[in-house]
Amino acid sequence: MIAVVLFTVSAIALGQFALYYWRAVLAGVASQPLSERMNAASGIDCESLGSEDFGVMMKLHDLTPGLREHNEGLRTVRLYYNALKAMSRIPRVAEWANREMVTCAHYAAVILDRRLTANMECAAEIRSI
């Protein structure tokens, strides 16, 4: 019985740590600056991204090809965003959920910016051959 309780507490603690770590990575990537290329590609002023711009970033991300072996997928961030969107209807957590959705939009913009940069570098490399 004690082993089951210890295992349960350990599993919950590990899950909580993994969630906090993932959230820290998300916030760290989202805080990176965006290039002017991103402003031009999205047609949105990236300095004033809002939670509603996440859909635009996702559409652009889906349109750009991933040329690297390790593609940074946004499946988990999409799930998180959709959960936050549902939670934003609850009055007490609406403000927090909106801030988190803005972070998701910034994260998607940074990933899209990285992808555009990689594609431009690949195109320049092909032209130089």
Side-chain angles (χ1 to χ4, degrees):
M1 181 65 180
I2 293 176
V4 172
V5 171
L6 283 175
F7 177 75
T8 304
V9 169
S10 297
I12 290 170
L14 181 63
Q16 187 178 18
F17 174 76
L19 182 66
Y20 287 147
Y21 175 77
W22 178 80
R23 175 61 185 87
V25 169
L26 180 82
V29 170
S31 67
Q32 294 178 0
L34 297 168
S35 68
E36 289 300 319
R37 183 180 303 121
M38 190 62 221
N39 286 339
S42 66
I44 299 170
D45 180 21
C46 291
E47 296 297 321
S48 61
L49 273 176
S51 60
E52 66 280 350
D53 296 325
F54 182 78
V56 173
M57 295 302 158
M58 294 310 301
K59 287 177 185 173
L60 285 172
H61 183 269
D62 292 340
L63 289 174
T64 57
L67 301 177
R68 308 242 177 188
E69 286 182 24
H70 179 265
N71 273 336
E72 294 177 278
L74 294 171
R75 186 175 301 137
T76 309
V77 178
R78 281 183 196 192
L79 289 172
Y80 184 56
Y81 180 83
N82 289 331
L84 290 168
K85 196 177 212 180
M87 290 172 55
S88 69
R89 295 184 188 114
I90 302 169
R92 291 190 175 190
V93 296
E95 188 177 325
W96 170 82
N98 191 44
R99 282 194 313 265
E100 288 295 302
M101 290 189 317
V102 169
T103 301
C104 290
H106 277 276
Y107 180 86
V110 169
I111 297 300
L112 179 60
D113 193 21
R114 287 180 182 174
R115 185 174 268 200
L116 290 173
T117 301
N119 290 353
M120 294 299 289
E121 288 172 359
C122 184
E125 188 176 310
I126 289 172
R127 276 185 249 136
S128 69
I129 294 178

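Reckoned from all heavy atoms, side chains included, excluding hydrogens, waters and symmetry mates.
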Roughly how far apart are L60 CG and L116 CG, rounded to 0.5 Å?
8.0 Å
For A109 and M38 the tightest heavy-atom approach is O-SD, 3.6 Å
When you measure from the side chain of D113 to the backbone N and O of S35, does any donor-acceptor pair fall under 3.5 Å?
yes
Pairs involving residues 1-17, ordered by first then second residue, that meet salt bridge (Lys or Arg N to Asp or Glu O under 4.0 Å) (sequence neighbours left out):
none
Between L19 and L26, is there shared hydrophobic-cluster membership here, with clusters defined by ILVMFWY side-chain heavy atoms closer than 4.5 Å?
no
Min side-chain heavy-atom separation Y107-T103 under 4.5 Å
no
Residues V102 and L49: closest non-hydrogen pair is CG1-O, 3.9 Å
Kindly write out the residues that satisfy side chain to side chain contact (heavy atoms under 4.5 Å, CB included) with A108, not counting sequence neighbours, or none if the list is empty.
F54, M57, M58, L74
Is V93 linked to Y80 within one hydrophobic cluster, defined over Ile, Leu, Val, Met, Phe, Trp and Tyr using a side-chain heavy-atom separation of less than 4.5 Å?
yes
Pairs satisfying salt bridge (Lys or Arg N to Asp or Glu O under 4.0 Å), at least one member in residues 83-99, at least two apart:
E95-R99
Looking at residues at least two apart in the chain, or sitting in another chain, which of them share a ring pair (Phe, Tyr, Trp, His ring centres under 6.0 Å) with W96?
none
Applying side-chain hydrogen bond (donor to acceptor under 3.5 Å, both in side chains), can you list everything that pairs with N98, at least two apart in sequence or on another chain?
S51
Nearest 0.5 Å, what's the CE-CD distance between M101 and E52?
8.5 Å
What closest approach, in Å, do S88 and A94 show between heavy atoms, and which atom pair accounts for it?
O-CB, 3.3 Å
When every non-hydrogen atom of A105 is compared with those of G50, the smallest separation belongs to CB-O, 3.5 Å
Residues Y21, V25; criterion side chain to side chain contact (heavy atoms under 4.5 Å, CB included); working and verdict
CA-CA 6 Å; Y21 175 77; V25 169; 3.7 Å; yes
Are M120 and L34 in one and the same hydrophobic cluster, where Ile, Leu, Val, Met, Phe, Trp and Tyr link if side-chain heavy atoms are under 4.5 Å apart?
no
Residues 5-28 vs salt bridge (Lys or Arg N to Asp or Glu O under 4.0 Å), sequence neighbours excluded, gives R23-E100
